[in-house]
Structure formats: structure tokens, C-alpha cells
Engineer: 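Can you keep this structure in mind? I'll have questions shortly.
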Number of protein chains: 2
Amino acid sequence: MSQKVFVSAQEVAERAGVSRSAVSRTFTHGASVSPETRRKVLEASEALGYHVNHLARGLMRNESGIVCLIVSDMGTPYRSNLIRALTQQLQDAGKIAMLVNTDRSDGSVDLALRQAIRYRADASIILSGMPDKSITQLCLKNGQRLVLINRDDEQEGPLRINLDDAESASRVLTAFVRAGCQRMAFANSEAGTPSLMARERGFIAAAKALGIDVVVERFGPTGYESGKILAQRLLTRRERPDAVFCATDLLACGFMDTARHQFSISVPDQLCIAGFDDIAQASWSSYQLTTFSQPVEAIAREAVTWLDEADPAIARQSVRLHADLIWRSSIRGG
Amino acid sequence: MSQKVFVSAQEVAERAGVSRSAVSRTFTHGASVSPETRRKVLEASEALGYHVNHLARGLMRNESGIVCLIVSDMGTPYRSNLIRALTQQLQDAGKIAMLVNTDRSDGSVDLALRQAIRYRADASIILSGMPDKSITQLCLKNGQRLVLINRDDEQEGPLRINLDDAESASRVLTAFVRAGCQRMAFANSEAGTPSLMARERGFIAAAKALGIDVVVERFGPTGYESGKILAQRLLTRRERPDAVFCATDLLACGFMDTARHQFSISVPDQLCIAGFDDIAQASWSSYQLTTFSQPVEAIAREAVTWLDEADPAIARQSVRLHADLIWRSSIRGG
DNA sequence: CCGCTCTTTGCAAGCGTGTGCAAATGCTGC
DNA sequence: GCAGCATTTGCACACGCTTGCAAAGAGCGG
């Protein structure tokens, strides 16, 4: 291992002919330094290549500037897009993102939070998985702020950011009905994530209000392949559905591909399809999927501004955002 | 801002009735502690919820355990997949990833590296953009290790991981020729990334060796939309190409969609298409794209193991990996 | 019981910062 | 020139940890 030799404030001070505190103050926002010393310090730092050691600063200030993102399936379009938005806005707010991958096991969300504590992260943002209550308590006790995105946990303390899943689901149903669809289906994964389940329940409830039955099928993880399987199951039923709401766009893409290529079903003429997330592929001309756009920028903004808010005791605990309906041609009419 | 109150080794020591160094040694691999004290320390830590402060540890050891990933377009399938592989393998090696988004401006790669220095990252891995030479020098001078993925820079010091782009390009040409294609085209973005340019040059060179001309078109950023524009340009030529190698899969998907839906061209009957990266969408049944799989796991492994290697002076500087040809039905024959 | 070796333990220095406090400096008005 | 004040500067301590060093303890053969 190479010997790291970073230049310290001490060396800068010596070169600039001032005290070390002067150097520190030059790089501390709102500290009192004369323009003259400031100039000398900046000159010396530039010459030596000095950079404030944020580990030491974090140690002193008891505030590291680190925010931990806890994510699984980060290769997925929706997740990666959310990560992009979050990292960007965190950087704009002068913070830095630490990324923890929780693909391996389920308990790894807890491990991830422990990691966040070790690095004294100012906050953790959980995009997937569900932390054990004891761990979130540990985080909160340590003064670490917590944001749960699309997790809808009932715990006190964290900020919970969610979408109006039920309302969206009900709008899909309306669209299906207007298009003259009769036999409704809902295609879901087996992940059981709160937001996915909320869409399912919302769709069923909206249908029930109109006296319509919904066939529900669930399979596997929330991905393209599962969409294909779900299509095989739903489209081989005696009473083949003529409208299906897929819990996510990835499921919808798989569903649509199988409907078209394996069953030679025409979309939207014989089958209307809706998705959720508005991933990039939904707008590709092979899909033209009607879907709801996850307001990733707004989600990120809510999370980041909340982290800067003064008193966690007064801060709001829950935010519900709206997902716009993006109308494309996978549903008739419009 | 809430008052963070983390429990320190001092408190654990008091509760366990031992010295603070005993606590430290309990959590230091390879230090000498008796089983009895170890037990007492672990018990007390558990009860108090103690976690070693990695900021302080990094300060002392001069080794933070942080590795900085510098990325643009992280919402993109290939990039996000590489990030996934890297974070996972870094975690397995006991390190943690810090993610810096460089979408904003071009100089932001330099800003990102400065950020890495501030947090005393042990290393930085650059997936996109090109750092200024003065900055990489600064990093190396500070003992920070550097990995460049698919950047093919000629600088000394960093590890450069690249693929055999030229060979891949030549294999595509062979496949096109075998399929009986006559009029070759290469579709590229205007990004000018070394790997993209290597594929372009390799394809042209392989064609020239057989006395075949290649029409080259370049447009915009490296994404789906650019693929559509490129198709419009290439497919409206008087001599319409019957084979096109797209520099990436995203370009290929856009190209294929436009060829089919706007020009009603049948793939692969009238037009053969190849891509590069093997993103998830390439295997979707709407595309079935013949392409080369980026060996993301191998790339990540090379990067992570290199970081653990003993002496940076002896360490190798460059690695060339092979991209497997994934044969699907966007090229005739096979 | 002594001398020897080996392991375990505590002390204290040091990592690179931020910041309260008091001293020093500069400026203003008389 | 001097008192009065605001601003700037340096000192020294604190943050939480690792680790070299020496002292203490444990085990053991003679």
C-alpha cells in the first residue's frame, strides 16, 4: 500500500507565514479573516495542492457531509435514475453520496445502516428493502436522519416520501373503461413492496366501485422476465383479459412483448396496457407505453431539502407526491 | 440540525471496566486482546450501540476505506450496471463507494477528484469523462490510486481497463459479410470516447482489409434518441446500407426501432444490426440484438483487486479484457 | 524463589481539523 | 496622544481513534 502524503493545514500555514488557525478560518464559511491573510493562505494552498481533510472536519464538526444511499437492484432503469437525481441534488446542496448495494441478502439493509453509522453519515436514504425497527431506532438515537422512499413504513421519525398510488390506479381503470375494455387484469411481482401493493389494491378498489372484477396475477421479482411469465399466465386464461395494469414499466414491457410476439395480440386494439414509472423504455417506439411518471426530481428535492431543515422535532414526517399520467398509445382513445 | 450523540470508545471502556485502548484493539483486526476482555468489550458495545468511528479511524490509519466512483449518465443501463458490480465488489473487499455525479459540466470531473481528495478516498474509479492531467498528477502525488475504465488514456500511474474493441469490430464485419451484406455503415455518437472511436476505427480497418467501404455517421450524445436520428440519416441515403454496426446498444435500439417503424424495414432480412454492451434491453424480444457483452463483473474484479495490491510501483498499468459476442437474431445466419 | 519468555494492558502521543478565549492590532473621535 | 471600540490573530484544547512503548502479569523450567 502506497504511503499517502497529503498536505496539511500546518504546512500551508508555514508557507504563508500565518498561524494554522488562519488557514482553518480561510476555509471555514463565515469565519473572520482579513483579506490579506486570506490571499496569502489561498496562494499557499494552491501552490501546495492543499485540500481540507473532510474526515478531520467531520470529526470536529460532528457532521460529515455524507449521505448514505441504500439501494438494491441499482442496475434497473427507475432505480438508477433516482440515484442520478439524488446524487446530483445532494452535490448541489454541498453533500456527498455514499452508495450501499443491498442486493445480496435481506439483512443487508441493517448492515448498510451500520455502515452509515460507522462513517457518521448525516443521513441515510433508503430506496429499497425495509430496515429492522431496532436499527432505525439506533440511527435516530444517534441523530442520523432517515428518509424512506416508496416504503410507506409506519415508523415515527423518518421522512416518508410516497406517491398517490391509489389515485393513479383509479385513473388507469377509468382510462380502460373509456376505451371500452371489459376484462381487467392486474399484473404484479411477488416483491410485496408497499407501493406495488397500493397500486394493486387501488386498482381493485376502483374496479369494485364500478362493479367490475379484476384478475390478479403475481410472479417473481419486479422485472422484464416476470412480465413475460405473467403474460403467459394471464393470456392463456379462458376469459382472456383485454386490459392489464402492470405494477411497473418493466413488467409492462415484458408483458407487451409476449402479448405481441408470442400471442400475436395487437396492442392497443385487442389489449390495453398501462405501466408505472415512466422509464426511458416506455417512450421507445416499440412500446409507447401509457404510464405514470415517477417525479424523481421532486422526490430528490423533498429528501434533500428536508435534510437541511432546522429541527427534526418539528419537521414533517410524510410527503405524498403526485405521479403524472403520461398518455401514449398502449391504451385506445385518449 | 439535530445534535448527534454517538457513543464513543471511552464510554464503552468505562462500562466494560477496561481501558480505551482495549476497546480499540477489540475492533482492530490482528491486535492482541485476551478473550475475556474481548467478551466484556463486545458486551458493552452491544448494549450501548457502539460503532467504530471510521472518520477518526481513517484519520489515524491514513486510509479511509472510501473509493470514489466518478460517473456521468448513471441512469443509463450500461453505466448503472457497472456501478452495481463495482459497489458490490468493493463492499465484499471491505471498502465503501462514494458516488460523484458529473453530468453537469465537463470540468466537473476535476471537481469530483478534488472531492475525492477531500474525503481522503483511497482510490478513485473514473467511468466517464476525462480528468485533466494536472489533477490526476495531484491525485497520484497524494497517494490516491486511480482506475480509468474504457478511457484508454496514455497517462502513467493509473490502471487502465479496456476492451478489445478493434477485435470485436472486426468480428462484426465478418458476421455481416457472412450474412451477405454489401453496404456497411457505422453509427456513432459525437461523444468521441476512446472506446467508441476504437470500435469505429476497428470496423473501418477490417472493412478496408476486404476492400469494403464503410459509411460513417455521427450524431449527438450516446443514447436511444441519437440512434433514431442516425437511422433517419443513413436510411434515406441513395445507397441504403444493409448492415449497420452501432457503437452502443442504446444507439442500436433507436436505430432498429426507426428502421422498422418508420421505414418498414425488416430486421434482419433487409438490414443487419449489431450493437455493443449487451444491456438488458438487447435481449428483450422486441430487439434480439446481436451484441458484445461488457464483462462488468470482470472489470469490477480487476479494479478492486488492483486496489489491494501491494506496491503501486510494481503494479501493472493496463488490462485488456475480452467482450464475448452474444449472438441473437438481428444478423442473418449464425 | 528466581530468571526467562510471551502475552496482555494502560499510558500517552499524534492524526488534521474547528473554535472559544484572550491578546494584539487597527481605526475613530476627541 | 489616548481612550474606546471592532476586527483579526494565535494559543490551546477538543474530537475519537490507533499504536509504539514500557510496565505488568502469566506460565514455566531449574
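Treat the numbers as computed from the prediction; the structure is a model and nothing was measured. Keep in mind that the numbers below use all heavy atoms, side chains included, and drop hydrogens, waters and symmetry copies. So you know, we letter chains A, B, ... as the sequences are listed, proteins then strands, and number each from 1.
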Engineer: Can you measure A:Asn62 atom CG to C:dG16 atom C1' for me and round it to whole angstrom units?
Structural biologist: 16 Å
Engineer: What pairs of residues pass the salt bridge (charged side-chain N to carboxylate O under 4.0 Å, His left out) test when at least one of them lies in residues 13-40 of chain A, not counting sequence neighbours?
Structural biologist: A:Glu36-A:Arg39, A:Arg39-A:Glu43
Engineer: Can you name the nearest heavy-atom pair linking A:Ala303 to A:Leu159, along with the distance?
Structural biologist: CA-CD2, 4.4 Å
Engineer: Expressed as a whole number of angstroms, how long is the span from A:Arg118:CZ to D:dG16:P?
Structural biologist: 18 Å
Engineer: Nearest whole Å is fine: how far is C:dG16 C1' from B:Glu63 CD?
Structural biologist: 17 Å
Engineer: Ignoring hydrogens and angles, tell me if any N or O in the side chain of A:Asn101 forms a donor-acceptor pair with the backbone of A:Asp103 under 3.5 Å.
Structural biologist: yes
Engineer: Shortest non-hydrogen contact from B:Val67 to B:Lys95?
Structural biologist: CG2-CD, 3.8 Å
Engineer: Between A:Arg79 (side chain only) and A:Ser72 (backbone N and O only), is there a donor and an acceptor less than 3.5 Å apart?
Structural biologist: yes
Engineer: Check every strand shown and say whether B:Ser24 touches a base, only sugar-phosphate, or nothing at a heavy-atom separation below 4.0 Å.
Structural biologist: base
Engineer: Going by the rule side chain to side chain contact (heavy atoms under 4.5 Å, CB included), which residues pair with A:Ser24 if we only count those two or more places apart in sequence or in a different chain?
Structural biologist: A:Thr28
Engineer: Any salt bridge linking A:Arg61 with A:Asp122? Criterion: basic side-chain nitrogen under 4.0 Å from a carboxylate oxygen.
Structural biologist: no
Engineer: Rounded off to whole Å, could you give me the CZ-to-C1' distance for the B:Arg120 and C:dT17 pair?
Structural biologist: 10 Å
Engineer: In whole Å, what is the span from the CZ atom of B:Phe27 to the P atom of D:dC17?
Structural biologist: 10 Å
Engineer: Using five pairs at either end of the helix from C:dC1-D:dG30 to C:dC30-D:dG1, determine the angle between the two local helix axes and round it to 10 degrees.
Structural biologist: 40°
Engineer: Where the side chain of B:Ser64 meets the backbone of B:Arg120, is there a donor-acceptor pair that is under 3.5 Å apart?
Structural biologist: yes
Engineer: C:dG16 P sits how many Å from B:Arg61 CZ, rounded?
Structural biologist: 16 Å
Engineer: Mind listing the N/O atom pairs, protein and nucleotides 8-11 of chain C, below 3.5 Å?
Structural biologist:
residue: C:dT8; atom: OP2; partner: B:Ser32; partner atom: OG; Å: 3.4
residue: C:dT9; atom: OP1; partner: B:Ser34; partner atom: OG; Å: 3.0
residue: C:dT9; atom: OP1; partner: B:Thr37; partner atom: OG1; Å: 2.9
residue: C:dT9; atom: OP2; partner: B:Ser34; partner atom: N; Å: 3.1
residue: C:dT9; atom: OP2; partner: B:Thr37; partner atom: OG1; Å: 3.2
residue: C:dG10; atom: OP2; partner: B:Ser19; partner atom: N; Å: 3.1
residue: C:dG10; atom: OP2; partner: B:Ser19; partner atom: OG; Å: 2.9
residue: C:dG10; atom: N7; partner: B:Arg25; partner atom: NH2; Å: 2.9
residue: C:dG10; atom: O6; partner: B:Arg25; partner atom: NH2; Å: 2.8
residue: C:dC11; atom: N4; partner: B:Ser21; partner atom: OG; Å: 3.3

Engineer: Under the side chain to side chain contact (heavy atoms under 4.5 Å, CB included) test, which residues partner A:Leu59, sequence neighbours left out?
Structural biologist: B:Asn53, B:Ala56, B:Leu59
Engineer: Under a 4.0 Å N-O cut-off, is there an ion pair linking B:Glu297 with B:Arg84?
Structural biologist: yes
Engineer: Output the distance between atom CZ (A:Arg118) and atom OH (B:Tyr50), rounded to the nearest 0.5 Å.
Structural biologist: 11.0 Å
Engineer: May I ask you to list the residues of residues 47-60 of chain A, by number, that have any heavy atom positioned under 4.0 Å from an atom of DNA chain D?
Structural biologist: A:Leu59, A:Met60
